[in-house]
Amino acid sequence: MKEIVVISGKGGTGKTSITASFAMLGGADVVVADCDVDAADMHLLMQPDYNFADDFYSGEVAYIDQSNCISCGKCVDICRFDAISVKKKLYVVDPISCEGCGYCARVCPTKTIVNKNRLAGKWFISKIKTGSIMVHARLGIGADNSGKLVAKVKNEAKEIALEERKGFILVDGSPGIGCPVVSSLSGANFVVLVTEPSVSGLHDLKRVYELVKKFNIKAGCIINKADVNPGKCAEIAQFLTENDIVHLTDLPYDENFTRAMVLGQTMVEYDHGKLNELLTESWENVKKLSSG
Amino acid sequence: MTDPKPLKIAIASGKGGTGKTTLSTNLAAYIAEQHEVVLVDLDVEEPNSGLFFKGELIHEEAIFKMIPQWDEKKCTLCGICTKVCNYHAVIQLGPSILVFPELCHSCYACSELCPAAALPMIPKKTGMLRDFQTGKLHFVDGRLDIGEEQAVPLISKTKKYVAHKYGHVSIAIFDSPPGTSCPVMEATKDADFVILVTEPTPFGLHDLSLAVETMRALHKPFGVVVNRYGIGNDEVITYCREENIPVLAKIPNNRKIAELYSSGKLMYQDFPEIKKSLSQILEYCVKEAKGGRA
């Protein structure tokens, strides 16, 4: 079983549209993991049935039982997150600022502060239209996207793939280079980097590739909307060569991406011409490279 | 100015790549034609605003977060530090205490509860802050070091720098990270007004609705700018109408705009209708923020 992770550094480069097309092409042999839990969109194209749903708890949040509070103020003094304030003479915790370190509960002389488990989101196992299974999630509003929910989604997908003897796990990662991305990269066999030929696209590609290098994972790159800036495109191609990143393909700027999305379709369902051909070719290549 | 407090506008979006940076940079440059303005890039994982300006670097500093450092000589191996750390960032391995900086949230519990004062807090570099100037525009960005996982402390310190150094500038624009989780909350929580940038597509709408929930949880006044207007469908506009969310501007879908952006160029000077949109957006923010404070 091979694990393929699709990331982009920069948002809006077409990562999810491309991942969805790969999922469609891979069909029953690919378990999909939507690890962009902060703004998950895969479900809009995959027709999930939400067959299984469960709450996900991660970390803690402080809670002050007002009846025993003696207003000593110790908790406010030690909190490094400015999460406790005095409102109408009552000491209250702002659950958004609280990072659940538990320090306040430890110094409270009347033991009136307790830590409660924090509901961080929900996660799902769904049958999807590709004939396979998708593990996906929804992070709670303002929740700490520490990568724990990402790890949960990925591990569940891995277990399912092993149990059902699937060939691949396909992971839609999140933008950026922080904890959720680090979490989606760990254990991958191959990384697909989706970029666009813009100053931001190249800048972000370089940063996210620095991270990929730390994990020592083989990578390939798709340049989306390649014809928007041929000069920048050549610059990216050169970066790929210099860093031994496989240049998988160039996709043209095509509003069919949006038209397909509006219909809830993947690109390979909507388009039966050039784009379909390029995506199919890339997917075959990615499969081969991840197994090599 | 009758109001000494600067107006803080945060530009955010649920979905990435909808045009946050395009709007932030163009709006800031437009304002800077006449007024002093500070543009702050808080998308510290992938900061891009700086690619659109050539300014003079006037200040640069490393940003640190505090982590405990084990002092072997003082340590009695009582184990309290490992028990009080909720993040498993401090563990005991045989006769040694190990600290995992990337797991540490800088809560100070281990350090201050250590009876032997064997875990003093020391600074660890997590990123860089840079401050540029070009004309009336000040540009500040935070940049997370590769491999560092926590964006929030760097966002918080970048904001503090701006508040301290540019408290006198009447308008500050904050380019926020994408998503709806903690870095976005940190980047937008002090703003007077938040602009959510979206695109009229199913992904755009879905992620906008998450961003709207986030802003409502923060009790922030906000409005929407629809970018790439004309592609996709009308559902974003319908959603805003049904939810009573003001649509501040619609920026047309235009390949030329994408091309200018791709080369790191501002676009409002080439498109009079966009210049007009910027002026409307600004006017709305000023009015809303004043109303909110009165």
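Only heavy atoms go into these numbers, but all of them, side chains included; no hydrogens, no water, no symmetry mates. Each chain gets a letter, A, B and so on, in the order its sequence line appears, and its residues count up from 1.
- Chosen from Cys179(A), Ser17(A), Gly9(A), the residue pairing most often with chain B at heavy-atom distances under 4.5 Å is Cys179(A).
- Counting only heavy atoms from C-beta outward, the side chains of Glu255(A) and Asn253(B) approach each other to under 4.5 Å.
- For Leu139(A), the part lying under 4.5 angstrom from a heavy atom of chain B is the side chain only.
- Between chain B and the residues Glu196(A), Lys10(A), Lys232(A), Glu99(A), the most heavy-atom pairs under 4.5 angstrom are made by Glu99(A).
- Surrounding CD of Glu102(B) are more than 12 heavy atoms belonging to other residues, nucleotides or ligands, all under 6.0 Å away.
- In terms of heavy-atom pairs under 4.5 Å with chain B, the best-connected choice from Pro175(A), Ala143(A), Gly201(A), Pro197(A) is Ala143(A).
- Interface check for chain A: of the options Asn48(B), Val184(B), Asn233(B), the most heavy-atom pairs under 4.5 Å are formed by Asn48(B).
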Inset, instruction - For side-chain contact (heavy atoms from CB on, under 4.5 Å), just list the numbers for Asn86(B) and Arg106(A), CA-CA rounded to whole Å, side-chain angles, deciding distance to a tenth of an Å, and then say yes or no. - result: CA-CA 11 Å; Asn86(B) 268 6; Arg106(A) 294 181 205 285; 3.3 Å; yes
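- Using a distance-only test at 3.5 Å, with no hydrogens or angles considered, no donor-acceptor pair links the side chain of His206(B) to the main chain of Ala39(A).
- Under a cut-off of 6.0 angstrom, the local environment of CG in Asp82(A) is sparse, with at most 12 non-hydrogen atoms contributed by other residues, nucleotides or ligands.
- Only the side chain of Val182(A) comes within contact range of chain B, with at least one heavy atom under 4.5 Å from a heavy atom of that chain.
- There is no contact between Asp94(A) and chain B, counting heavy-atom distances below 4.5 Å.
- Annotation: Lys124(B), atom NZ; neighbour count of heavy atoms from other residues, nucleotides and ligands within 6.0 Å is above 12.
- Residue Lys125(B) places its NZ atom among more than 12 non-hydrogen atoms of other residues, nucleotides or ligands, all under 6.0 Å distant.
- Using a 4.5 Å cut-off between heavy atoms, Arg216(B) does not touch chain A at all.
- Smallest separation of non-hydrogen atoms from Lys189(B) and Ser97(A): NZ-OG, 4.1 Å.
- The closest side-chain heavy-atom distance from Ser262(B) to Lys225(A) is not below 4.5 Å.
- Heavy-atom distances place both the backbone and the side chain of Tyr261(B) under 4.5 Å from chain A.
- The structure places CE of Met185(B) at 7.5 Å from CD1 of Ile141(A), a figure rounded to the nearest 0.5 Å.
- Proximity to chain A (any heavy atom under 4.5 Å) is restricted, for Ser106(B), to the backbone atoms N, CA, C and O.
- Contact of Ile177(A) with chain B is made through backbone and side chain together, with heavy-atom distances under 4.5 Å.
- For the pair Arg255(B) and Asp227(A), the minimum side-chain heavy-atom distance is below 4.5 Å.
- Residue contact with chain B, scored on non-hydrogen atoms closer than 4.5 Å, involves the backbone and the side chain of Ser200(A) alike.
- Side-chain contact between Arg138(A) and Leu210(B) is present, with at least one heavy-atom pair separated by less than 4.5 Å.
- Between Tyr103(A) and Leu113(B), some side-chain heavy-atom pair lies under the 4.5 Å cut-off.
- Residue Ser198(A) touches chain B through both its backbone and its side chain, counting heavy-atom pairs closer than 4.5 Å.
- When heavy atoms are compared at a cutoff of 4.5 Å, Ala217(B) approaches chain A by way of both its backbone and its side chain.
- Under the 4.5 Å side-chain criterion, counting only non-hydrogen atoms from C-beta, Tyr108(B) is not in contact with Cys101(A).
- When atom types are taken as modelled, the side chain of Asp38(A) and the backbone of Thr180(B) share a donor-acceptor pair closer than 3.5 angstrom.
- In this structure, the side chains of Lys206(A) and Ile146(B) stay at 4.5 Å or more apart for every pair of heavy atoms.
- Taking all atoms of both residues into account, the shortest heavy-atom contact from Asn229(A) to Ser263(B) is ND2-OG, 3.3 Å.
- The SG atom of Cys182(B) lies 11.0 Å from the CD1 atom of Ile96(A); values are rounded to the nearest 0.5 Å.
- Contact of Glu148(B) with chain A is made through the backbone alone, with heavy-atom distances under 4.5 Å.
- Heavy-atom distances place the backbone of Ala40(A), and not its side chain, under 4.5 Å from chain B.
- Contacts of Lys265(B) with chain A are absent, with no heavy-atom separation under 4.5 Å from either backbone or side chain.
- Taken from CG in Asp36(A) to CG in Asp207(B), the straight-line distance is 7.5 Å, to the nearest 0.5 Å.
- For Val208(A), the parts lying under 4.5 angstrom from a heavy atom of chain B are both the backbone and the side chain.
- Atom NZ of Lys111(A) has more than 12 neighbouring heavy atoms from other residues, nucleotides or ligands inside a 6.0 Å radius.
- Pro47(B) places a side-chain heavy atom less than 4.5 Å from the side chain of Arg207(A).
- Contact annotation for Leu202(A): neither backbone nor side-chain heavy atoms come within less than 4.5 Å of a heavy atom of chain B.
- Among Pro178(B), Gly179(B), Gly19(B), the residue making the largest number of heavy-atom pairs under 4.5 Å with chain A is Gly179(B).
- Neither the backbone nor the side chain of Ser174(A) comes within contact range of chain B, judged by heavy atoms closer than 4.5 Å.
- Proximity to chain A (any heavy atom under 4.5 Å) is shown, for Glu112(B), by both the backbone and the side chain.
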